[in-house]
Amino acid sequence: MNRANGSIFSGFILLGFSNRPQLETALFFAMLLIYFLSFLGNSTIILLSVIDPHLHTPMYFFLSNLSFMDLCLTTCTVPQTLFNFKGKDKTITYGGCVTQLFIALGLGGVECILLSVMAYDRYAAVCRPLHYMVIMHPQLCIKMVITAWLTGFGNSVVQTALTMTLPLCGRNQLDHFFCEVPVMLKLTCANSFINEAELFAVSVFFLVVPLSLILVSYGYITHAVLKIKSAQGRRKAFGTCGSHLLVVIIFFGTLISMYLQPPSSYSQDVNKSMALFYTLVTPLLNPLIYTLRNREVKSALRRIMGRTDSTKS
């Protein structure tokens, strides 16, 4: 990193909502509650997927990975944000910023690919039910997840390196509550056109391409479901896919509004609100959507609770 006027560059100042201290106080308690509920919900899904034999299926293998990513994402951003909201110190070290940027970017890329993998899983379950276990065999599921993680974090290595090597000329105030690529690009004193174009191209690859594959999968699923004669069968098929589709709409809708526009045209208030939703609310909604709309998860939870009660008695 550049030095400013001979002084050593030590870190960044995360402005957040420092111009509205009352809002920061309210957000502190709201974020603390949501973080706790998100941690509890996602941990429960992971625990149920491991303990309950009825959930040892490809769908819940992917879902437990999704919950693990949500846990990592909130833990990567929320504690630092809570620390900055509560105290007068708004700083984050250079190493902390690099780490936060790398993890958040990597997890975002992994989730984009994983959601498209989950759409393919639902396509196989609905459109090819007799061959489902042959198509989605354990080795393929593991390879898909590994590919998602390697692709997401491989891209994150490149994006983080390109972003953090831009000259800042002594600027260190980030108008955000965590380190994010578009905000870093606005901070640079060099021409960032190439970086913005590269970010747009990568965003298309990780957002538009997976979303297109998901929509194609659900086109086939809808066509297959409409052929089912019984109303109960149609409801069961739509119920199997409805939770995943709702998560897809929330996740991709938020990220597309954040990344598929030039960073120079961002409204910071809107960007911070969308980032709050993506890093905090979405990880909370995922376990709620999957548990409240999914009979298998609720049944597994009842079995575990019943087993606990019988052990106590």
Side-chain angles (χ1 to χ4, degrees), residues 11-48 66-93 95-108 111 172-184 186 243 246-247 249-255 257-259 266-293 297-298 301 305:
F12 298 95
I13 299 173
L14 297 170
L15 297 178
F17 297 99
S18 55
N19 58 333
R20 284 172 277 184
Q22 291 182 336
L23 178 60
E24 282 198 341
T25 303
L27 281 174
F28 173 85
F29 291 105
M31 289 181 71
L32 188 62
L33 176 62
I34 294 174
Y35 178 58
F36 172 75
L37 294 175
S38 175
F39 191 92
L40 181 64
N42 285 295
S43 298
T44 300
I45 287 180
I46 295 172
L47 188 64
L48 289 176
L66 184 65
S67 293
F68 177 70
M69 282 186 292
D70 286 338
L71 280 177
C72 293
L73 180 62
T74 52
T75 304
C76 166
T77 58
V78 173
Q80 177 71 46
T81 303
L82 291 173
F83 176 79
N84 290 347
F85 279 1
K86 189 61 176 174
K88 294 182 179 179
D89 186 7
K90 308 290 184 183
T91 60
I92 182 172
T93 64
C97 188
V98 172
T99 303
Q100 198 175 69
L101 185 68
F102 171 73
I103 294 175
L105 273 174
L107 292 173
E111 188 159 353
N172 70 336
Q173 292 191 348
L174 295 174
D175 191 11
H176 214 299
F177 51 87
F178 72 96
C179 296
E180 191 184 28
V181 174
V183 184
M184 299 298 296
K186 290 190 72 172
S243 301
L246 187 56
V247 169
I249 292 170
I250 294 171
F251 177 79
F252 281 97
T254 305
L255 284 189
S257 65
M258 287 173 59
Y259 282 93
Y266 281 11
S267 166
Q268 277 307 107
D269 285 341
V270 173
N271 188 37
K272 283 186 277 191
S273 300
M274 298 300 288
L276 265 178
F277 191 86
Y278 162 62
T279 58
L280 193 66
V281 180
T282 302
L284 172 65
L285 290 178
N286 286 352
L288 289 177
I289 290 169
Y290 280 110
T291 53
L292 293 178
R293 293 177 55 88
V297 174
K298 288 188 283 188
L301 189 58
M305 296 300 291

Under 3.5 Å donor-acceptor, [X] side chain and [Y] backbone:
X    : Y    : result
Q100 : C76  : yes
T282 : F277 : yes
E24  : F17  : yes
K272 : H176 : no
N84  : F177 : no

Let me confirm one number: the [atom1]-[atom2] distance from [X] to [Y], rounded to the nearest 0.5 Å.
X    : Y    : atom1 : atom2 : value
L71  : L66  : CG    : CG    : 10.0 Å
T81  : K90  : OG1   : NZ    : 10.5 Å
D175 : L15  : CG    : CG    : 5.5 Å
N286 : E111 : CG    : CD    : 6.0 Å
L107 : I103 : CG    : CD1   : 7.0 Å
L288 : N42  : CG    : CG    : 9.0 Å

Taking C-beta and beyond as the side chain, do [X] and [Y] meet within less than 4.5 Å on heavy atoms?
X    : Y    : result
V247 : L285 : no
I46  : F68  : yes
F83  : D89  : yes
M274 : Y259 : no
M184 : L174 : yes
L73  : Y278 : yes

Donor-acceptor list for residues 27-37 side chains, cut-off 3.5 Å, not counting sequence neighbours:
residue : atom : partner : partner atom : Å
Y35     : OH   : T75     : OG1          : 3.2

Quick one: closest heavy-atom pair of [X] and [Y], and the distance?
X    : Y    : answer
S38  : T74  : OG-CG2, 4.1 Å
G108 : F251 : O-CZ, 4.0 Å
I45  : S67  : CG2-OG, 3.4 Å

